[in-house]
Structure formats: C-alpha cells, structure tokens
2 protein chains.
Amino acid sequence: MLDRTAVAVTIPLLSVSVLRCYSQADQKRGSVVPNDKQWTAPLIAIAVDLAVFTVLAGRFVVLLVERGIEPDLGSLALPGGFLSTVDEDLTRAAMRELTEETGLDPGQVHLEQLATYGTPDRDPRQRVVTVCYLALTPTPGTPAAGGDARHADWYPVEEILAEPGQLAFDHAQILTDAVERARSKLEYTTVATSFCGAEFTMSELRRVYEIVWGRSLDARNFHRKVLAVPDFVRPTGAQTTRNGGRPAALYRPGEAWLVQIPILRARHEGARDVH
Amino acid sequence: MLDRTAVAVTIPLLSVSVLRCYSQADQKRGSVVPNDKQWTAPLIAIAVDLAVFTVLAGRFVVLLVERGIEPDLGSLALPGGFLSTVDEDLTRAAMRELTEETGLDPGQVHLEQLATYGTPDRDPRQRVVTVCYLALTPTPGTPAAGGDARHADWYPVEEILAEPGQLAFDHAQILTDAVERARSKLEYTTVATSFCGAEFTMSELRRVYEIVWGRSLDARNFHRKVLAVPDFVRPTGAQTTRNGGRPAALYRPGEAWLVQIPILRARHEGARDVH
DNA sequence: TCAAAAGTGTTGAGATTACACCCATGA
DNA sequence: TCATGGGTGTAATCTCAACACTTTTGA
C-alpha cells in the first residue's frame, strides 16, 4: 500500500470555488476535470447515526437526543456524528458514538449496519451522507448527552412513531426502517438475547419478544421453541425466583445466530395486543 | 432551505495540508477544530458500486468489468464510480451507472441498496466509502464498457465465488453479500419476476429459482404456491408453446411484494443440485 | 403414437397451536 | 393454602412435500 501522506498531495481537492461550481445544477458534469494520471471525486461529509434500542420498564424504547444546535434546534434526533478523522472506520465510529452515548461495554451490544441515507438536501447546511447503524442493548445506565446534544434519553418507540414530526432531518424514516429491521431480526435470529442481561430466564426472553412485537406469546410453546433451536441458549444450571412463582432456570446466550424455524410465524390477525 | 452557494463559503474545507494532518494517526483528534458557529467534518470520496445479476443461458451471472487502470489493473471488479457531483443522489447515481453499463430501461430493473463498505484501506489511493446496490434485471443486451473499465461482461456467480482472488478491492466480500441477499430475497419477496421478461410462464419463473438457488423444485408444488400468493402474478390470458409440450399460460408480474409463506422452506438436505 | 411440458388431486408425515395439567416457590 | 409463574404432555389441526394422474401440444 502506498504511503498515505504522499498520496494525499496528488489528489486534487475541492476548493471553495470548486464546491460552488458543484452546487450549480447547470454544471453537474465537468465540474471535476480528471487529468491524465490523477483521480478525482467530489468530497462529501460522512456521518454515522445510531438507532439504539432497548427494553425498559416493559416498553420498547429508542435512544434519542435533543438537538442543542441549529438546524432543528430542540428537535429529537438519533445520536450520531461525523467521522472523527478521514481514516476512521465506519463500524469503529459507530462503536465510538455508542459507547460515548450509553457507556455500555461493546461486548454486550449487537451492532449492525442498517442503511445509508444520502438524499442531497437531507441536511440544509451541506451534503451529508449518513451511514446508519442498528444497536440492540441490554438496559444500560443513564445515557450521557454531549456534542450537539442538549440531552439524551430513552423514548418509547410507539409514541415517537405516532408523532414522527418531532424528529429532525430524515430521522423518522431511519427510525421506521430500524424498527422494522429489529422486529424482523427477532424472527429469524437469536438477537433477542442482546436485550437481556448476561443471564436471563425464559420468561424474561419471552417478554422481549412480546414487548418488541407488541403481542403476547404462549409461554409454554415459546419455551419449547427456543430450546428446540440448537445452542440458542445455554442453561447456567442456576435458578432464580426473581420473577416470583416457581424457580426458573437461568440461561446464557448460545452461539447460534440463525433460527431455521421462525420463533413465530408471521400472522397479524388474531394476535392480542400486549400493554 | 438555505441557498447552497451562500452556505458553501461558510464551511471550512479541507486543504492539502489538512488532509495530510488527518492521515497521521497520532493526530486523530483535533485535526479539525470546530469554531463557534461553524461546522466541520472530514470530507471523503463517495463511490457507488453495483452488483448486477441476471439469468443467462441457464446460469446465474453477475456483471463485472475488467479494470483498465491501476490499482488492480486487469482484475475484475463490480461496475461503479464516484458521484458525478456533490449534489447527486445516491440512488440516482446507482441508476445512472446501471443504465450506462447495461442500457436497460430503469423501469425493468429492481434496484435496492445493499450495504456501505468503508474500511479505511479498501482503496490504496485514498479513503473511499462505497455505497453498494443490488440490481436484478431481465437478460439485457451486450453490456457496454466505459470509464475505468476496459471491458464489461457477464460472469457465472459460482465460478467467480470459487476464485474470489480475481476481484479487485473488497469486491469479493461485496459480491458474497450481494449473492446472499439476492438468494434470500427470492424466498420472501416476489422479486424473482425481475429476472423474467414482461411476460413469462410458470416454468420460466421456476427456472429462475432453480438457477439462483442451484437446486431443483417440484414444478407442481411451485405452481400452486405462486398462485396461492395474492397478486404475485397476473395471468395475461395468452398461452405459449415456446418451451415445448402442452401450452403454458403466460403471466405478468403482480403488485404483491412480500410473500407470507416462503416459496421454499429452508432445508438444505435432500435438495438435488441442478446442472 | 410418443415424448415433453402443463396442470390437478390426494395423501401421509411432520409441524404447530391451544390448552389441560403438574411443579415449586413465597406470602 | 393459595396465588403466581415455571414447565411437560397431548390431541386436533394445519401445512407441505411427494407423487399419481390427466391434459395438450409437437414431432
């Protein structure tokens, strides 16, 4: 690999005047002139945004910040920020934002790329392309505000989706996509354990599904279905009575990721609502 | 929305020296100093790459170009390129590349975002973040080379995946992800019709599944399963004998997108290979 | 008449749901 | 002893893959 510092100087960079040039629709093409051996491309600001979910007090909640700067000052927004350097890896940036916001141990969270949003006018200040990540975590401590954010807190997903106008930029769309992804991931993967602590009972795991999907599940069938998936969960051998009633076996997450037979077949008819 | 030209001048831009500064690992932070009201971020080159698939002569094939410039001159690569201007929409850029490469009518193709790849050293020249798209098309005419590409052609997916070293950059990973996405999308959506022409028979549609999945399906059960999905396909009323044997009804794609009951339940045991 | 492809009917194996029933604890 | 949640057993139902069988064409 070439030396970065040496390479950098061979790359024509945008000047203010070139950026102006780009912005004029009648000069879409030709605003960057590739010369013989050099290599040109418009340079754009890249952000990383996070849709962080957890289950808190029986509700499916998302981490949002209250914007402390314009535009959309005072609106709610997904936490996020720009790459800290041109060399920062995308996933690393997402992880950095996540630990900054939640203080969580990265080993406890599930983090996956959701999608990239890059409509030219999604940020009124400048062209910003944002790579969004989905994060599922066990309930963490109090989230910390910082950077552009005045305040960070957990908000029930249903309430935010019911009033999407509260969200800044195109974050309503991103949140919708993230919720859909999270819900469907529960069906085909073992990711639900990411919402639980290190050890959990069957009913605690079932609660996760019930809360995220907003419907009740048969505790007995659920129990068998989870145990039928090889290495979905591993018994610790210990028991707990923290939920009352008969002592329940404690489990730890297993190594399995894909669930062959979905935990619940999609059927949106006779499902009773939970809460 | 603010006037772009006016905004541009208020944004601190990278100079060559600032970019150099970013490249030095010991100065990761602090290389951009945010001042009071202004707003800073590292600027990065954004590319759009395409994994274009079709079914050609009974094979599942992908469109690849032979690179005409360094690095990886002579290697195969996914077609793609940089945004043509800082204001170009990501999806529009993908569509532009697609029509440039295949000459297809955009109405005929299925185009969806796959993922974004941004490992800092994935391109040895400079930091490049590439937003990749998955495209599924009916068999088009001869693909056209152009830009960085010496030559563009369709290559059987199996053969390329068997020798991933032929691919430039991280395109082997991208292709793997794209193939996986394409295969699983067939199971839960009606996207397979995107591989067929405007009108097709049941066995032609079934062939798509067989070729992409690399396994044979029971023609009779397939037939019923497709018709069981509301508005998966619509009969045109016409028939054809182009495949020999008894005349087959012709269908057009319907409006349905999601298939509630997967076309084939995942079971990778007793499946016979096709071809 | 035969081969080949299209399309319908049926059946047995297996999966799934709904729920009866028993277990173990705390209050 | 009772309420509460944990966990097992089972029967009716549903689904699906497998395949026998009929239909309609071209050669």
**Item:** Qualifying residues under side-chain hydrogen bond (donor to acceptor under 3.5 Å, both in side chains), relative to B/E159, sequence neighbours excluded
**Value:** B/R59
**Request:** Determine the contact category for B/A219: base if any of its heavy atoms lies under 4.0 Å from a base atom, sugar-phosphate if only primed atoms, P, OP1 or OP2 are that close, otherwise nothing.
**Result:** nothing
**Prompt:** Looking across every strand, which nucleic acid part, if any, lies under 4.0 Å from A/N243 by heavy atom: base, sugar-phosphate, or nothing?
**Reply:** sugar-phosphate
Separation of [N] [atom2] from [X] [atom1] (nearest whole Å):
X      : N      : atom1 : atom2 : result
B/L227 : C/dA6  : CG    : C1'   : 12 Å
A/R220 : C/dA18 : CZ    : C1'   : 7 Å
A/R215 : C/dT17 : CZ    : C1'   : 11 Å
B/L250 : C/dA6  : CG    : P     : 11 Å
B/R206 : C/dA4  : CZ    : C1'   : 12 Å

Choose from [options] the nucleotide whose nearest atom is closest to any side-chain atom of [X].
X      : options                : value
A/R224 : C/dC19, D/dG6, C/dG7   : C/dC19
A/K225 : C/dA20, D/dA18, C/dT16 : C/dT16
B/N221 : D/dA17, C/dA5, D/dG7   : D/dA17
B/D218 : D/dG7, D/dG6, D/dC19   : D/dC19
A/M202 : C/dG7, D/dG6, D/dG7    : D/dG7

Do [X] and [Y] have side-chain heavy atoms sitting under 4.5 Å apart?
X      : Y      : result
B/F169 : B/S75  : no
B/E158 : B/F60  : no
B/T99  : B/P106 : yes

For [range], which residue pairs pass the salt bridge (charged side-chain N to carboxylate O under 4.0 Å, His left out) check, not counting sequence neighbours?
range                       : answer
residues 104-116 of chain B : B/E112-B/R181, B/E112-B/K185
residues 249-258 of chain A : A/E199-A/R252
residues 230-240 of chain A : A/D231-A/R234

Could you pull out the protein-nucleic contacts involving nucleotides 23-27 of chain C (nitrogen or oxygen on both sides, under 3.5 Å)?
unit_1, atom_1, unit_2, atom_2, d
C/dC23, O4', A/R246, NH1, 3.4
C/dC23, O2, A/R246, NH1, 3.1

**Request:** Determine: side-chain N/O of A/H223 to OP1/OP2 of D/dG6, distance under 4.0 Å, yes or no.
**Result:** no
**Request:** Give a yes or no on whether the backbone of A/G58 and the side-chain of A/R207 come within a donor-acceptor separation of less than 3.5 Å.
**Result:** no
**Message:** Against A/T137, only a single residue in A/V55, A/T102, A/L111, A/T54 fulfils side-chain contact (heavy atoms from CB on, under 4.5 Å); can you say which?
**Reply:** A/T54
**Request:** Measure the angle between the two terminal helix axes of the helix from C/dT1-D/dA27 to C/dA27-D/dT1, five base pairs each, and quote it to 10°.
**Result:** 10°
**Asked** Is there a donor N/O on one and an acceptor N/O on the other, under 3.5 Å, for the side chain of A/R242 and the base of D/dG5?
**Response** no
